[in-house]
There are 2 protein chains.
Amino acid sequence: MKKKKSTLKTLFFEKGVLFLLNQLKLPLEIDYLPCSSEIEVADAIRNMVVRGAPAIGVTAGYGMALAASRHKGLPYTRFRDKMQECSALLYSTRPTAVNLSWALKRMEKVWRGTANPVGISKSMLTEASLIEAEDVELNRSIGKHGSSLIKNGTTVLTHCNAGALATAGWGTALGVIRSAHEAGKKLRVFIDETRPYLQGARITALEIMDLGIDCRLICDNMAGHFMAQGEIDCVIVGADRIAANGDTANKIGTYSLAVLCRFHKIPIYIAAPCSTLDLSVRSGADIPIEQRAESEVTEIAGKRIAPLGIKVLNPSFDVTPACLISAIITEKGVIRPPYRTGLKQLF
Amino acid sequence: MKKKKSTLKTLFFEKGVLFLLNQLKLPLEIDYLPCSSEIEVADAIRNMVVRGAPAIGVTAGYGMALAASRHKGLPYTRFRDKMQECSALLYSTRPTAVNLSWALKRMEKVWRGTANPVGISKSMLTEASLIEAEDVELNRSIGKHGSSLIKNGTTVLTHCNAGALATAGWGTALGVIRSAHEAGKKLRVFIDETRPYLQGARITALEIMDLGIDCRLICDNMAGHFMAQGEIDCVIVGADRIAANGDTANKIGTYSLAVLCRFHKIPIYIAAPCSTLDLSVRSGADIPIEQRAESEVTEIAGKRIAPLGIKVLNPSFDVTPACLISAIITEKGVIRPPYRTGLKQLF
């Protein structure tokens, strides 16, 4: 069976220009923003043109490569000062994104390495594409390991967006679906719209359609109904942070899905790179829960939908206890309970 | 403790004019549409200015009273023909609403009763206000019985809108909350926004705020998280149809809540008038599930939020099996399992 090739890319580098898919315009416009300088790249990260920690890391890598190319005519000491400055600029855009500082440190090793700006500039482009390629490779590994859990004819439910557009490519939870699809398995995907920010409706729906996989968009509160009707065979989601005992913080709504899965005896899998594991956090109770703006709930697409003055709660994610999770899929393999032992062995 | 009196009314009749709260403009505008004729009333029902089966029934009653007043100068036979015509007009607006045909039949008994149009016209206004008062009284009874289940200091979660604005006043699920509040119990209410049509965010939020009860609006997928945090003590919802065995069809998302309640050992109550019971339906398996327009999911406030061409599933309600329901609250009392016996005894 001929598989449709994805036409969506988080980013691509062509003739000295970095093109970023403008995620602010999704799903109705597929528009690539050209960036020729580190300043344009910094603006794009800050304005959320690109989102998802791995994608931001790769973008910052290319931002440094663009900076090196622009400033390669400078004498070496001035060039190094300039690189320092550009790195600080890119870092300031989303200082909490772990992959951003990681990528900038990796680029720093290159521009501190020799005393030849022209040579450095070439090496930096190579390094940026290496970071990109490694991220895709890592996701493909997650996909390959996860695919072994997906039988032919399965209907998968997913929540939020853990797809190619949150990474340099392929995706984590969607990477598993993609790998199973590529392996020739017939799949159907139910997509939770994922209130309040609608990542499912806006981004996952687009990605799954783009891959040519049969899919259905539903509201989050419909998942239980379709499980009761026997329509769902498994749930696959990504993760924001995984504690040492396997408790997993992920987009709000994941916990409710895990409880529904338990009741209906349906497996729920977490797909995430090892970098998501935080062994310094003993359990989910120690993961702080970020509260986001009320306007995400009370306004949709700029239109107010709730009465003025209403109090709103908007936790950005919830914690699913390890006891409800069927398996954690990483690039190093599939981890089954008990997680404390299995996760430790990854390092 | 002085309770804030509600300022919202589904409708009121004043100096020969029926005023209907225009529910299309909620929650941002509180606007009453004046209707002086049966034609204006028919338009208002058809255009969803007023919604909820009980509210529609009462509105149609007043529509017939307005018609009688306008045509009371006609000779009796022509008056009767005119009443027949007006009744058909009002019936045509929402032919599937059970309470609509019931109210029109009740009004018909009045206009067929004597041969004096002027006298009939007065009696019809009396009958319409009686239908209104009876509906409020019935809801107050549901409220009173349900209130016995609500302890002081309880946090209630509700879904969709089963409030005063779906009835002539007071409400069913919200009627229980209202009665408990009026009885001086300290309450807190969590309100599910209720995708896709957002009845919770638009209408329930407005009603609960208007009553001066402490409340929080949440997205539907957050309910499980707040249950796990120990924030929710019980769930109260309305019902669209209750089968002879207690299986209950209600707004989509109710079933997921019931499963979450079972997992967290939290009671879930159904509040509904006896007219919601359909003893001819043996179980939930025999209740057909209405599928509604895809645009309810893909568009919010007229703005497209999902990719063009995406397939959407939009069941309007789900069925909660009796075994997950803690009690059914009716105007005749609180029914506990086994429901088949308890529900039969109501008749």
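This one's a predicted model, so the numbers in the text were calculated from it and none came from an experiment. A note on names: the letters A, B, ... follow the listed sequences, proteins ahead of strands, and every chain is numbered from 1. No hydrogens, no waters, no symmetry mates; every other heavy atom, side chains included, goes into these values.
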Item to check | Toward chain B, the part of A:D318 with a non-hydrogen atom under 4.5 Å | outcome: both
Checklist outcome for this item: Okay, A:L198 and chain B: the region with an atom under 4.5 Å from a heavy atom over there is side chain
Item to check | Within 6.0 angstrom of B:R282 CZ, more than 12 heavy atoms from elsewhere | outcome: no
Item to check | Residue A:D192 versus chain B: region with a heavy atom under 4.5 Å | outcome: neither
Item to check | Portion of A:I289 that has a non-hydrogen atom of chain B nearer than 4.5 angstrom | outcome: side chain
Checklist outcome for this item: Interface check, chain B: of A:S256, A:G253, A:G224, A:P307, most non-hydrogen pairs under 4.5 Å belong to A:P307
Checklist outcome for this item: Which of B:R188, B:E231, B:R216 passes side-chain hydrogen bond (donor to acceptor under 3.5 Å, both in side chains) with B:T155? Answer is B:R188
Checklist outcome for this item: For A:I236 and A:T158 the tightest heavy-atom approach is O-OG1, 2.8 Å
Next on the checklist: Between A:I218, A:I310, A:T254, who has the most heavy-atom pairs with chain B when the cutoff is under 4.5 Å?
Outcome noted: A:I310
Next on the checklist: Looking at every heavy atom in both A:T194 and A:K251, which two are closest together, and how far apart are they?
Outcome noted: CG2-CG, 3.6 Å
Next on the checklist: So for atom CZ, which belongs to A:F317, do other residues, nucleotides or ligands contribute more than 12 heavy atoms lying within a distance under 6.0 Å?
Outcome noted: yes
Next on the checklist: Give me the atom names and distance for the closest heavy-atom approach of A:M222 to B:P196.
Outcome noted: CE-CD, 4.2 Å
Checklist entry - Any idea which of B:P321, B:G309, B:A258, B:C219 has the most non-hydrogen atom pairs under 4.5 angstrom with chain A? => result B:C219
Next on the checklist: With a 4.5 angstrom heavy-atom cut-off, is it the side chain or the backbone of B:L28 that approaches chain A, or both, or neither?
Outcome noted: side chain
Next on the checklist: I'd like to verify something: which residue of B:A228, B:G302, B:A306, B:A223 has the highest number of heavy-atom pairs under 4.5 Å with chain A?
Outcome noted: B:A306
Checklist outcome for this item: Checked A:R262, A:R304, A:H225, A:K303 vs chain B; the most non-hydrogen pairs under 4.5 Å come from A:H225
Item to check | Closest heavy-atom pair and its distance - B:L313, B:V297 | outcome: O-CG2, 4.4 Å
Item to check | Under 4.5 Å from a heavy atom of chain B, the part of A:L324 involved | outcome: side chain
Next on the checklist: Among B:C215, B:G200, B:P315, which residue has the highest count of heavy-atom pairs closer than 4.5 Å to chain A?
Outcome noted: B:P315
Next on the checklist: Closer than 4.0 angstrom, basic N to acidic O: yes or no for B:D214 and A:K311?
Outcome noted: yes
Checklist entry - Where on A:E296 is there a heavy atom nearer than 4.5 Å to chain B: the side chain, the backbone, both, or neither? => result neither
Item to check | Which atom of A:V312 lies closest to which atom of A:E294, heavy atoms considered | outcome: O-OE2, 3.5 Å
